Structure formats: C-alpha cells, structure tokens
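Heads up, the thing below is written out as structure tokens.
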Protein chains: 6
Amino acid sequence: MGVVVTNIKRPSEHLVQAFGEQSVATVHEAQGRTGLMASYMRPIYRPARIAGPAVTCSVAPGDNWMIHVAIEQCKPGDVLVVAPTSPCEDGYFGDLLATSLMARGVRGLIIDAGVRDIADLTEMKFPVWSKAVYAQGTVKETVGDVNMPLVCAGALVNPGDLVLADDDGVVVVPRDACGKVLEKAKARVANEEAKRKRFAAGELGLDVYGFRERLADKGLTYVEQGAED
Amino acid sequence: MGVVVTNIKRPSEHLVQAFGEQSVATVHEAQGRTGLMASYMRPIYRPARIAGPAVTCSVAPGDNWMIHVAIEQCKPGDVLVVAPTSPCEDGYFGDLLATSLMARGVRGLIIDAGVRDIADLTEMKFPVWSKAVYAQGTVKETVGDVNMPLVCAGALVNPGDLVLADDDGVVVVPRDACGKVLEKAKARVANEEAKRKRFAAGELGLDVYGFRERLADKGLTYVEQGAED
Amino acid sequence: MGVVVTNIKRPSEHLVQAFGEQSVATVHEAQGRTGLMASYMRPIYRPARIAGPAVTCSVAPGDNWMIHVAIEQCKPGDVLVVAPTSPCEDGYFGDLLATSLMARGVRGLIIDAGVRDIADLTEMKFPVWSKAVYAQGTVKETVGDVNMPLVCAGALVNPGDLVLADDDGVVVVPRDACGKVLEKAKARVANEEAKRKRFAAGELGLDVYGFRERLADKGLTYVEQGAED
Amino acid sequence: MGVVVTNIKRPSEHLVQAFGEQSVATVHEAQGRTGLMASYMRPIYRPARIAGPAVTCSVAPGDNWMIHVAIEQCKPGDVLVVAPTSPCEDGYFGDLLATSLMARGVRGLIIDAGVRDIADLTEMKFPVWSKAVYAQGTVKETVGDVNMPLVCAGALVNPGDLVLADDDGVVVVPRDACGKVLEKAKARVANEEAKRKRFAAGELGLDVYGFRERLADKGLTYVEQGAED
Amino acid sequence: MGVVVTNIKRPSEHLVQAFGEQSVATVHEAQGRTGLMASYMRPIYRPARIAGPAVTCSVAPGDNWMIHVAIEQCKPGDVLVVAPTSPCEDGYFGDLLATSLMARGVRGLIIDAGVRDIADLTEMKFPVWSKAVYAQGTVKETVGDVNMPLVCAGALVNPGDLVLADDDGVVVVPRDACGKVLEKAKARVANEEAKRKRFAAGELGLDVYGFRERLADKGLTYVEQGAED
Amino acid sequence: MGVVVTNIKRPSEHLVQAFGEQSVATVHEAQGRTGLMASYMRPIYRPARIAGPAVTCSVAPGDNWMIHVAIEQCKPGDVLVVAPTSPCEDGYFGDLLATSLMARGVRGLIIDAGVRDIADLTEMKFPVWSKAVYAQGTVKETVGDVNMPLVCAGALVNPGDLVLADDDGVVVVPRDACGKVLEKAKARVANEEAKRKRFAAGELGLDVYGFRERLADKGLTYVEQGAED
C-alpha cells in the first residue's frame, strides 16, 4: 500500500475515440465475454457513454484521500477508476472533486462505492458509474495505491486499460488487446446491422441463424394446446 | 424440458385493451392482492405501460436460445414473459431481439433476468421490465419450454394469462378471471375517484372511511406532547 | 403501541426554509456525519428536494392504517416519516393518500417501505423517498404510533426533527440542533465555493488542502511505470 | 382469500417413505431440474431430512393467524408449507406451534419467512427450513388460504404435492408425478453408485463420461505453462 | 464525534441475571414487539445466550480503534455493542480483543459489522453476534464515541440498556423499563407453559385461543377438495 | 475461452505446509490486507482449514463441464478454485466430483457459486468454501478455461497461487510472494502471542499499544455521565 505509479502507458487517442462509438455489450462480446464489471455498477444519469484509459485508485473503506492523489496522475481523456479495499458504499466523490477532474479533462468516474451531489454532477454533465448513491462522508487518513492493478466490481483493471461505459454498465479492455478487440467489435456491428434489417422485415432468428435443426436434435418438440399432457 | 405449445388461448383483444387503461396497483387489488411479481422487476424507462396475453418462455441460466423459439409463437399484441430455470442476471435480450419482437407486433418483454442495449431499447420505445441491466452475453446450447406454466419473479404465469405492467411493476391475471377482475377494477377506480375528490377537498381518511371508532376500540389513544411519559 | 402525540414542537418555518436551500451531503457533514438514512432510500423522481418538520408514524408490516391517523397530525410544510415495525417493502402509499397529504400542505413522504402509483405521484409532483416501488397492497388492522421516536432506514427520528431530502438521500437534524447545524452548513458552502473556483482553475486538492507532506509521512511513494517491481 | 380446502389428496405413505431415502439433488435432477425452492431456504439445524405431503398455508405479512387454521388440516406425516403473500422475514413460528404440530405427527415446516425459538426447536428435533431466523412477532388479524396452490420461495406448491427437504434445500414433486420421479431417482442413484466406484478408483470424468472428443470439437485446447501467450 | 462517557448507569445485576433466563422472542413480545435488531445479526456459534448492560461504541468504517477505548469502560458482566457510522462488514474484532474483553469479565460482543478468528472465539467460548464473518483488517485512525446513544442493526441502544442475545438474535431493553418488561416476560412464560401442555396433548390453537368465531366473521370458509371452484 | 494450461508452477510443499498452520486473518494482514475473497464465501462445515496451490477453472453460468477438465490438471495437495463467468448460485459440485477430487489428493474446493450434497461432503470430510448451498443442477455444453488467471469472489487468482481457507474465509497469496508473506505472518503470530499474554493479564490495548496520546491529539474527550450535554 502507498505506491503511486507515474507515466503509465495508455492506448492511442485514436483507438480510444473509436471505442467511444462502440457499445459495452458489443465490446464485451468482441473480447470473448470477459472484462465486464458487476451489474450493480449503474450510471447516475442516462444516456451516458465514455471511453478512455484507466487511472486506477485503491482507497480504504470510508476514506477518499487517495482520490486527490489520483487526480494529479490524470491526463485529458482519462477515466478514473476507484475501488475500495473492502466493500463500502460511502459517498467518496461529489461536485468539488468533479470540478477538479473536469478541469483536467477527465471524461468520467467509475467507482465501486458511493457517490454524492448527483444533482450537481448531472447538471455539470460529469458522468459517474457507481455502486450506490449515498451522502455519507469520508475521512482522509489512510494511503492506498494509484495506478496499480486492482479488482473493481469483479473486473481486473490494469492502469492504462481501456474503460468503456454506457447505459448497460462498464467493460474493461486490456491495453494490448485494444486493436484486436476494436476490429472484432466493428465486424460484429456490421454483421448485426445486416441481421437487424432481416429481423425488421419479419424474418425469424430461427431461420436467420438456422437454429431449427439443432433444436430438433436437442429434442425440442412442438405440441398444440390441449395436447401437451 | 423442450416442449413448445402452439396455438394457446388468449383473452379477447377487447379485454386486453380495457386492461391497458388500468394500473397494476388497481388490478392487483381487484383480484384479491394476488398475481404480483417481485418488487425487483423494474421498467428500463418511465413512464411505460403495456397489457397483453403472455407467451411464456423458460431459459437455462446464461442461455437465451429459447427466446428465438418463443418469438415465433408470438402474435401481435402479445407480451413475452421469460424466466430462467435458476436465478440469473445475464443480459438475455438486446436490440436485435427487440427488433424481431417489434416486427411481430409484440408489446413488450417481462424478464426475470438481465437485459442490455437499454439505450437503444429506450430510443426504439420497446418497453422491458427486468430484474437487472447487465451487458453479460449468453450462449445458445440448452432447450427449455415455450408456453408451459412457469414462475416468473415469484408469480405463476400460465400461457395466455393477461400480463399488465406499468411504472409500479408487473401483475398477472389468469385468463379465465379477466372479465371478473376487469369489472372489479373499474368499480374500484370509480370508487377511488369519489374518494379522491373528498381528499382533495381536505377531508380526512379517518372520516371518509369512518376509522375513528374502530381505532379507539383497538386502543389508540391521543396525548399532547409533554404528556406522553 | 397505539399512541398519537399531538401538538408536537417544530423548528421555525424560517429555519426550515433556510434548510431547503442546503444539500443533504452538506448538512450531513455540518452535523458531524450523523443522521443519514440508509443508501437504499431513493426518490421516485429526480430532481427533488424538500425540507420540513417530521411527523413520525410507525406501521405494522403490510398494514397502512396508521398513515390515515398520521395525516390528521400533519400541518402545512410538514414531512411525513413512516417506518414499519419490521422490514417490509409493500406499497403502503399511493395517489389517494398523496392527494390527502397535498390537500394539507405536506411537502413529501419518507417511507422505509414500498410506494405505488408512482406514475401518478410523479405527475402530481408529490415527492417520495422510499425503500422500494411495489404495487403490493396493505391491510388496515393493527395500530401503531404517531409522533413517537422511531428508527427509519437506520436513522433515529424524533417528531419535530428537521428532515431534509434530495437526490442523494435523506438526513435528519435534531430540532434543537437546527440553528447550529444551519450555521455550519452555510460556512461549509462558503468555504466550498472558494475551493470550487480554485479546482475549476486547475489547482489540485493536494495543494489546495496541503496534503503532500502528510501523505509522504504516511509513506506514500512515487515510482515511474516499469520501476514498480 | 379466506378459503380452507379440506380432505386433500396425498401421495401414498409408501411413496413418501421411499422419497425419504432420496436426496433433494437427486430428486430435482430426476424430475428434469424443476421444483426447487430458492437457495435462501436453509434448515435451522443439520443434518436434517424429511419427506411428506404438503399442507399449504398463505399468510399475510407479519400475521401468523392462518398457521393455527392450517394445523387442523394436517395429518400425521404431513409437511406444513407456509408462504407470505408479500415478502416478510418475521418470526411466524416458534416452539408453541411446533409443539402443536408434533402432537399431530407433522414431520416439519417449510416457511418462506422467518422462524424463532430455534434453540428450542433444535432441542425438540422439529426440523424447519426457512428464509430467516428472526424473533420478530406477528399479529392475528388477516385471513389467508389453506390448501390452495401457492408459490413458496419461487416454487409452485399444490396441496398434496410431495415435499422433500434436506441439508441442500427443498424440492417439490407434483403428486401425480411421484411414482415416475421416484423410479428415475432410484435409477439415477444406481447409476451414480457405479460412477462413484470408478471415481474413487481414480478414473476421470473426462473418460467415464467420454467428454474428450466433444470438448475438442468445441475448441478446447491444451498448452503448457509459458506457452499460453 | 470523539466523546467517551464514563460511569454510565446500569440495571442491577439481579435484573440482568433474571433476563439471562429469558429468551429474545419472549422479551421482545413482553415489551410490545420493540427493540429487536435486524435478522442479519447472527451468533458465530450455537447455542449461545447472554444478557448484560450495553457499553456502546461507534466506529468509523474499516477502523476499530475505538474498540480499544471502549474496553476500558467495560465492567464485569457488560455486553459491548459496536456499530459503524456507515455500513461495513470488515473484521473489526478477533481473538486478541476477545482475550482483553474476557479478562475484564465482559459477557460478549454485539457488532453490526464483521468479526474474524471465529474458530478461536468459538474455542474460547466468547460469544459474538455479528452481521458478517470476514477476515478483512481495519485501521486505527479515526475517533468515534463510547457510551453515546447509537443505532445498531436498526435498534436504538442507549448505554446501560439491557442487551439480551440468543440463537434467535438480539433485543434491547431500555434501562428504565427492565423491571416492568421482566415481569411481563415472566407472566408470558407462565402463560405459555400452560398452553404448551394443552398443545402437547393435541388441543388446537383454534380452540385454545378461541379463534373459530372471529375467523368466520372475517369470512373464512371451508370447502372439500374438488368443490373449491 | 477454451484454454487449458498444463504443468503450472506451484509453491513448494514445504511452504504450503507452513501456510497450513497460519490463519486467513493473519496471512491477509501479513501481505498488506490484500488477496481476500468476499465475505459471502463460507465453509460448508466448521471447523475447516486448508492450504494449497490453486488450480483455476472458469465455468459458464449453470454449466459445470469444465470442472471435469480441471480435475485432470489437479495434483495431490492442490486446491481447486472455480468461478463462473457471470454470477450464478447453481449447485456445480456434489459428492461424485468430490469423490474424484479426493481420489486425486485434492485438499478442497473454493467456488464462487453453489454446491450440493453437503451432507455427504461433510461426512466425507471434503471441505468446500462456496457462495451458496443449492441443489440446482447444471449442464455440460460450454467450454471455459483451466489454469488461466481469474477473479474469484472479488480476488484475483493466478494458477499456482497459494490459497488458504479457514472458518473466516479465503485468502490468496501470489506464488512469488509466499516466502516473504509467510515470514511476516510468523512474525505477526509471535508478536500477537506476547500481546495476548498481556491482554489476558488485564492490560488494556490503550496502554499496550500506547494509544492514549494520539487519541487525545485527535480530540477524544472523556465526560462523566450526566455531564455530556
């Protein structure tokens, strides 16, 4: 505990911008259904969508001191990712910290804990994904780490990993995998676009995906009502 | 497992339309406080209100294959009701499946699990009541049943039962009871309208309902502050 | 059980009005981080903010009878605070009771249980902070207390205490402490305003609060990436 | 609400006895992975195992009046199944009611709510599976149903269905299916016995079940450590 | 924050001893179904039962410093009651603190948070009722209060109140009410003893309590199976 | 998905044996309060304690196929660590799989999901730490990974890491850190032994740790009862 890593590596802004046009669901699929944070991570307002490199910050329960330390390590376009060392829903973050992050060009906050001043944050258009909304204040007594790997809402986050968040939740893409995952995501979107047209025209997934035979092989049977017993 | 019942019986569209003007709270009361799904079933956007006959679909945890099978059984005006065979919050449903359901005239989805692409679903105005919002993907490996009775969020749903959902949650009315329940619901609304006017005029429930004597019988006593010890 | 205290003492309307301009987070801090209700207490619509003296009401699980008794004790500007004697998420409160409370000038409802008819309540602009949204109906069989001290969502509430609620949650200020707490809250806001300007100008909390030395004393160390092992 | 059905049909004692030698996991598998109550249903002491016909009882939240009504409908060997009409953890049941049930030869209690006096119940050797242990008392004001179908902890229970409970939880077998399910359960046990011997001798499931080829078809690949990137 | 009240008043040891023979369920009923902590407060081993005056201790989340302060205020026969100022499941307490409390004659610990070293505590026969078992360590940085009123697991506890805990949970009796509550509890036990004999002899609660007429008045009806539709 | 890494590196059996004499709480402290799994991971019976190298296994929700694959990779003394790719409480594991693991000399199972047949497992003395006990069966359709890094109950586990579990929960020690952490754990135990004697003799933590001055600096004040207002 108590280490701040400076000058972390980040994915290129070009990649980050491209991810900003993707959805969490698509990217999560594109990387083999990995990297998703828990379903309790919800945006404080909707719609919202951000993508950016992660600056990670571990905090003690009920203690937001390290967020101040982490802010100094943030560059324009970054996403701050905060996780307590044991579960806590306290309101670690409010409008003053948001003002500071916005002044540095940070795109948003992902926090496996509570947030407060959400009326102000909503008005400021500073997006936050959190476990809870809770006015409970915190102290400034215990040091943690900045830019060390951490587990946030069940997902492993290394500093500099790409974080993508939208109305569905939050997904993490390892920095080295960004290029490959983006490509797959784009292919997926293109493929889905073709499917969407067929579905809109009334075609069934059973036919579009050719499921009928495999379903029958697994034993699926059809009966008319009244005949099922 | 693995049975699809076709040609289920549905309540008349006339009845369905009439339920569409009722609220979940009223209908739940009108049928003797039964048929309500758990409070964790929440709409992805508000306000929203749908009524329609249930097409039921049981799915394996983390496996949305049967939803494709169920879609084929849906008719215009239906409501698709999906329940996993053991608790699961995965994102079984997204914008592609919604496109398919909308093409068939389905009014909405009730799912005791997770949903994703909610920004798209909100824009498409396809209403969903779900246990969770979660981007987690699913597989297509295991068969389940379509149009067999199931328990969804604590409520028994038989195929063809009327499902009514609004901002308060979801209620199920057995198909055979629809007429009787609707009548009682309408009577309830009429009665409430009269009460509402009296309350708006400043009358108290204590007098409107005549509670004072029964409360006194139960031992309710009034004391002035400072006198209570 | 079964006592209604009448003519409770309330903070002055002047104080109440002044609290109405404060936020829950600020007031909670101003009184030494006490008095906050649990994070599960959420408003049914946002934004919302109310302040007023508490009329307290304890109810049996699944029984909303006492709310009718409590309404008679409410005066214009009051906030009704309801807590069940054991945990319950039933829908104790809907649009009829809201009509009655609005007719008496009550500012809103705080309930450690469920609420229903939230589409109507939202349209009526009657704010409610609750543990759940649930259409489940209640009975009228068991008496409870009005204007006796109770624990609501983990916070002790004495009748006549000031209750402040906004998008972050709900905080309770003991009646006798209102003046002192308000003063501290105002000082806090003034102090934060100065800080906000410095943060907006790009200054860091590390410098604004002078944290650097104390962090170093606690052992915080900085390393460049690649050097951390 | 308010109906007591008398003289329900029960499975034969012979069948019930035979189920008493089976485990919940086996029977649940034998009937196609259906009928299981939620995982929060836990025994108050371990080990415990009972089987018997269900006498069902719906109760209002916080109101145990109907349990007294249900007891009269119980015969020796029965299992009492209690579910509240909305979620409640109150202590509906204690040593007095257990004394009454034991006097009638009832084998145990399944309750989707709370229980109390568990030290006494443990000493009396009266087994209970419940959602919670909670001393919270209840009232006697509202009628419910006895021997009507109900949903208990997510499982549909019809009166006279066979209920089997052990350290793993609770499973319900429809009365008409008892014979067929028992046969399958026995076959399953016999089959497992053979497998157990092979596993105990060190054989692998991969070989016993012949999984290797299908796993390879699904793309499973083996790499030595150091070679995985 | 930061106040230690010394020389609190306690109920007489004679009263405490008498409560030690009562059960939580009985005492909770005897004082009008009040004072019960939440159902998540569970003993680390069973059976266990203690009664004693409360020494109260508020702690910051993840910070057990004040427990050391509280220990000095404990006298032989006391029960230490610890509550964090915001929800926390960390392991505030282990075998070293238990050794210290046992050396002072303290009867047990009630903590609305986590505990660790439970194998040792079980062997030492030091009873603890807690919200969680969790090895997570805590810091020693922030002061709290000792012997100030606090809310623990939803129950208000004033220092010197009597705390009674058994396998069912924990109940708090206000110091001034101890005599009166004890009397009622004893009467209740005597009354239950008579009832128990009648139940054991096969009499029904319907007759013992004379419920039949009131149930019929509420509309309870009996039908034979097959006749219910 | 679908990779099995063979021949992973493990800590020496000498180190593993030494950890087997330590407690989870001590080891967690010794490595700077890191590596702890969530508090919901509980042993199926108590007391229980194991230490061993982790063989990791990711499984699809409701699908236990990969456990068969993982067993082949286990060596005597290993601990199998299983985590679903999305949250699931199904009963992935029962007495047959335990028989197979015991035949291979595996010390126990850590699973962030459900387990069944716990009466048998208890009798067989095969220890399991799980999120739930649930009889719900699983399918065998989807491949996952064996011996790839995974997050289990919030803790990162690399294959070959040391896993220690006891009545308090589960902690993970990175393989490379085992030597250093063990040393610190032993030092900690020695230090605690000295403290324990002083506490047992009645000394106070306030004096043993010398807290009094620092508490006074933080503003802790003592008042006699009656003087606190």
Side-chain angles (χ1 to χ4, degrees), chain D residues 23-43 46-49 164-171 191-209 211-212 214-229, chain F residues 1-9 44-45 62 64-74 89-91 94-105 114-123 130-149 159-160:
Chain D
S23 75
V24 166
T26 297
V27 167
H28 159 68
E29 292 284 352
Q31 70 175 341
R33 289 183 188 151
T34 59
L36 207 56
M37 291 192 187
S39 64
Y40 61 66
M41 294 297 285
R42 302 298 303 139
R46 286 174 49 198
R49 177 191 305 260
L164 172 67
D166 67 15
D167 293 10
D168 287 348
V170 187
V171 70
N191 176 44
E192 286 193 347
E193 197 42 50
K195 296 282 195 321
R196 185 173 294 105
K197 278 177 192 152
R198 295 177 66 182
F199 287 136
E203 280 192 80
L204 286 169
L206 291 176
D207 301 311
V208 169
Y209 299 108
F211 287 151
R212 291 189 194 273
R214 209 171 129 239
L215 283 162
D217 286 354
K218 293 256 184 176
L220 190 71
T221 55
Y222 288 77
V223 297
E224 285 224 21
Q225 184 160 52
E228 76 263 38
D229 281 334
Chain F
M1 279 298 177
V3 171
V4 182
V5 178
T6 61
N7 292 326
I8 60 165
K9 289 182 191 145
I44 58 168
Y45 60 81
N64 76 346
W65 207 13
M66 291 305 292
I67 295 181
H68 289 279
V69 177
I71 290 174
E72 190 177 29
Q73 304 308 316
C74 290
E89 297 201 347
D90 288 357
D95 73 316
L96 279 186
L97 287 167
T99 301
S100 189
L101 282 177
M102 287 184 88
R104 294 184 82 77
V115 64
R116 58 187 191 174
D117 299 332
I118 64 165
D120 293 328
L121 298 178
T122 301
E123 216 175 284
S130 71
K131 184 183 187 178
V133 173
Y134 196 22
Q136 176 68 42
T138 51
V139 298
K140 286 169 182 61
E141 296 285 0
T142 303
V143 296
D145 296 323
V146 172
N147 282 333
M148 293 290 279

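Below, read A as the first sequence line, B as the second, and so on, with proteins coming before strands; counting in each chain starts at 1. What you see is a predicted model; the values in this text were computed from it and never measured.
- Listed options D:Asp167, D:Val27, D:Val171, D:Val170 were ranked by heavy-atom pairs under 4.5 angstrom with chain F; first place goes to D:Asp167.
- Listed options D:Ala25, D:Ala38, D:Gly202 were ranked by heavy-atom pairs under 4.5 angstrom with chain F; first place goes to D:Ala25.
- Residues satisfying the side chain to side chain donor-acceptor pair (under 3.5 Å) criterion with F:Asp95, sequence neighbours excluded, are D:Arg196.
- If you measure heavy-atom distances from D:Glu29 to chain F, the contacts under 4.5 Å come from the side chain alone.
- Neither the backbone nor the side chain of F:Glu123 comes within less than 4.5 Å of any heavy atom in chain D.
- Per-residue counts of heavy-atom pairs under 4.5 Å with chain F were compared for D:Arg49, D:Arg42, D:Met37; the largest is that of D:Arg42.
- Between the side chain of F:Gln136 and the backbone N or O of F:Glu89, no donor-acceptor pair lies under 3.5 Å.
- Note: F:Val133 leads F:Ile67, F:Val133, F:Thr122, F:Ile44 in heavy-atom pairs under 4.5 Å with chain D.
- For D:Ala48, no part lies under 4.5 angstrom from a heavy atom of chain F.
- In this structure, D:Tyr40 has no ring-ring contact (aromatic ring centres under 6.0 Å, His included) partners at least two apart in sequence or on a different chain.
- Between D:Phe199 atom CZ and F:Leu97 atom CG the span is 6.5 Å, to the nearest 0.5 Å.
- Listed for the F:Asp90 side chain is no donor-acceptor partner under 3.5 Å among the backbone atoms of F:Gly114.
- Side chains of F:Leu121 and F:Arg116 form no contact here, defined as non-hydrogen atoms less than 4.5 Å apart.
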